[in-house]
> 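Have a look at the structure that comes next, please.
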Amino acid sequence: MTEEYSDPWAAEAIRRVRADGPHHTPTPLRRLSLPAVRGIDIYLKDESAHPTGSMKYRLVRAMFTEALASGALTEGTPVVAATSGAVAVAGARFARLLGLAFTAVVPAGTPVRALAGIEEEGGRWQRGELPPAAVQDEARAVAGRLGAHFLDHFTDAGRAVAACGEPTIADEVFEQLSGEPHPVPEWIVTGAGTGATSAVVGRHLRAHGHPTRLAVVDPENSAYFPAWASGCDDYTTGMPSRIPGIGRPRTEPGFRPALIDLVIPVPDAASVAAMRWLRTAGTEAGPATGTNLWGTCHLAARMHEAGARGSIVTLIGDSADPYLETHLDPSWVRARGLDPAPHEAVIERFARTGHWPARQGSG
Ligand SMILES: *Cc1c(COP(=O)(O)O)cnc(C)c1O
């Protein structure tokens with residue numbers, strides 16, 4: 001007797017998910033040219049190169065693979081997610097790839113324009129009726145009614161990345177750095193949304209015994225910096241972040257403060273300034289990449305001051321396209337009371353001289 005796959009559909013589905021995208025792995029590692037800090041090499045891992053333009057593609061791919069492998073997602077099962085953001089866009093893409101219906105439950109105030117990405121990938125959306133903070137619970141209830149699989153990125157993303165058996169972002173970075181002048185970086189700098197990426201990187205550093213330190217950059221209104229600084233791991237601010245993808249009103253279960261060496265609070269105006277500066281330097285990226293860059297420059301300036309050499313790796317978390325009418329539009333920025341000009345001056349001066357002010361921004 002020959003063995004049969006217990007679920008041939010799932011085996012084929014996993015194959016399809018893994019094969020998605022023309023250039024799905026590894027994403028490029030780009031070098032940022034900053035002659036003022038000679039001997040300090042800054043790299044940007046370009047996660048906007050994923051088919052949906054965001055690092056969330058990687059997390060969602062792992063979540064689909066893991067849900068299929070564990071039998072949680074089977075033929076004909078609809079998929080539900082609780083966000084209007086990049087998780088929903090990637091979720092819609094993988095659901096369509098597998099012939100499954102996809103619904104994003106989105107916060108009540110989400111503008112229709114922001115939902116185009118979900119529709120382009122063949123997904124549907126419905127507005128939540130409760131306050132935005134309740135959208136997770138509401139989506140879970142919708143999934144229950146539909147008999148759907150709930151794509152719970154805040155709870156499951158980190159575990160799925162660890163379990164799915166694909167090379168992680170950290171595996172890729174260390175592989176890509178081998179052969180570079182400083183193959184073991186001094187710092188890796190990430191933002192935290194679900195917390196999965198920083199946790200995956202932190203675990204990799206420990207498991208491989210690397211001396212590399214892990215810094216998380218955190219925007220205004222987020223619970224992560226105060227939670228890390230105070231050691232209070234159920235800290236909440238109740239306020240939404242203005243930097244899409246990062247910063248949370250509460251500490252999410254995937255955030256692992258014990259793996260993080262430093263959390264750098266970054267003013268939102270500084271994130272916008274750094275995103276704009278990166279654009280003039282020829283790299284298009286979203287505001288969370290600006291946050292990453294601000295923290296990275298700050299650490300590079302410290303190293304420069306101390307006469308140290310080495311490398312720092314950070315991420316391009318998503319592309320600039322979704323932000324042309326928001327963070328890249330000066331009137332949108334002004335209407336939110338944000339003034340990037342003084343921060344732009346800081347980053348321009350840093351790029352010219354390697355100098356960072358002693359007490360400004362992330363000080
Ligand atoms: C989600 C996201 C992050 C943070 O990643 P997590 O693994 O969810 O913590 C950073 N940048 C962007 C652009 C994101 O969308």
Side-chain angles (χ1 to χ4, degrees), residues 27 44-63 81-91 114 117-118 136 151-162 164 168-170 172-173 188-204 214-219 222-225 227-228 240-257 259-260 263-264 266 268 271-272 274-275 278 283-296 313-323 326-328:
T27 53
L44 302 165
K45 174 79 167 155
D46 188 359
E47 294 288 284
S48 74
H50 288 299
T52 57
S54 159
M55 60 186 291
K56 288 298 184 312
Y57 176 89
R58 189 189 286 277
L59 301 183
V60 173
R61 185 176 65 204
M63 289 173 73
T83 170
S84 59
V87 164
V89 178
I118 301 171
Q136 285 287 113
L151 211 54
D152 188 356
H153 54 294
F154 286 111
T155 307
D156 294 341
R159 203 165 34 215
V161 169
C164 77
T168 67
I169 191 168
E172 289 183 16
V173 163
I188 295 180
V189 180
T190 76
T194 66
T197 303
S198 49
V200 163
V201 170
R203 283 200 197 98
H204 182 103
L214 173 60
V216 163
V217 286
D218 205 36
S222 174
Y224 289 141
F225 171 68
W228 177 82
S241 166
R242 292 184 293 199
I243 307 297
I246 62 169
R248 292 292 299 164
R250 61 170 196 207
T251 45
E252 300 292 349
F255 181 68
R256 294 273 177 270
L259 297 175
I260 298 163
V263 181
I264 306 175
V266 178
D268 291 349
S271 296
V272 171
M275 170 185 63
L278 198 57
T283 298
E284 301 270 345
T289 304
T291 320
N292 285 341
L293 185 68
W294 186 265
T296 298
V313 178
T314 192
L315 313 180
I316 296 176
D318 62 6
S319 60
D321 303 350
Y323 307 105
T326 56
H327 300 69
L328 283 167

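Every number for a ligand or one of its atoms is a count from 1 in the order of the listing.
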> Which protein non-hydrogen atom lies closest to atom 15 (O) of ligand 1, naming both residue and atom, and how far is it?
Lys56 NZ, 2.7 Å

> Short list, please: which atoms of ligand 1 are under 4.0 Å from a heavy atom of Ala192?
9 (O)

> Taking distance alone, with no angle check, do Thr194 and ligand 1 share an N/O pair under 3.5 Å?
yes

> With a cut-off of 4.0 Å, which atoms of ligand 1 are near a heavy atom of Leu59?
7 (O), 8 (O)

> Would you find a donor on one side and an acceptor on the other, under 3.5 Å apart, between the side chain of Ser271 and the backbone of Gly290?
no

> Run the numbers for me: atoms of ligand 1, each under 4.0 Å from some heavy atom of Ile246, listed by number.
3 (C), 4 (C), 10 (C), 11 (N)

> Could you identify the single nearest non-hydrogen protein atom to atom 4 (C) of ligand 1 and state the distance to 0.1 Å?
Gly193 N, 3.4 Å

> Which residue and non-hydrogen atom of the protein lie closest to atom 7 (O) of ligand 1, and at what distance in Å?
Thr197 OG1, 2.5 Å

> At a non-hydrogen distance cut-off of under 4.0 Å, which region of Ala86 contacts ligand 1 (side chain, backbone, both, or neither)?
neither

> For the side chain of Ser241 and the backbone of Ile246, is there at least one donor-acceptor N/O pair under 3.5 Å apart?
yes

> Can you find a pair of side-chain heavy atoms, one from Arg61 and one from Cys164, that are under 4.5 Å apart?
no

> Can you tell me which residue and heavy atom of the protein come closest to atom 5 (O) of ligand 1, and the distance to 0.1 Å?
Met55 CE, 3.5 Å

> Check whether any side-chain heavy atom of Val87 lies under 4.5 Å from a side-chain heavy atom of Lys56, and answer yes or no.
yes

> Ignoring hydrogens and angles, tell me if any N or O in the side chain of His327 forms a donor-acceptor pair with the backbone of Arg242 under 3.5 Å.
yes

> Show the numbers, then the answer: is there a side-chain contact (heavy atoms from CB on, under 4.5 Å) between Ile264 and Asp218?
CA-CA 6 Å; Ile264 306 175; Asp218 205 36; over 6 Å; no

> Measuring from the heavy atoms of Gly195, does anything fall under 4.0 Å of ligand 1?
yes

> In terms of side-chain heavy atoms, does Glu252 have a donor or acceptor partner in Thr194 at a distance below 3.5 Å?
no

> In ligand 1, which numbered atoms sit nearer than 4.0 Å to a non-hydrogen atom of Gly317?
13 (C)

> Nearest 0.5 Å please: distance from the CG atom of Leu315 over to the OG1 atom of Thr197.
7.0 Å

> Run the contact test for Gly286 against ligand 1 with a 4.0 Å cut-off on heavy atoms, strictly below, and give the result.
no

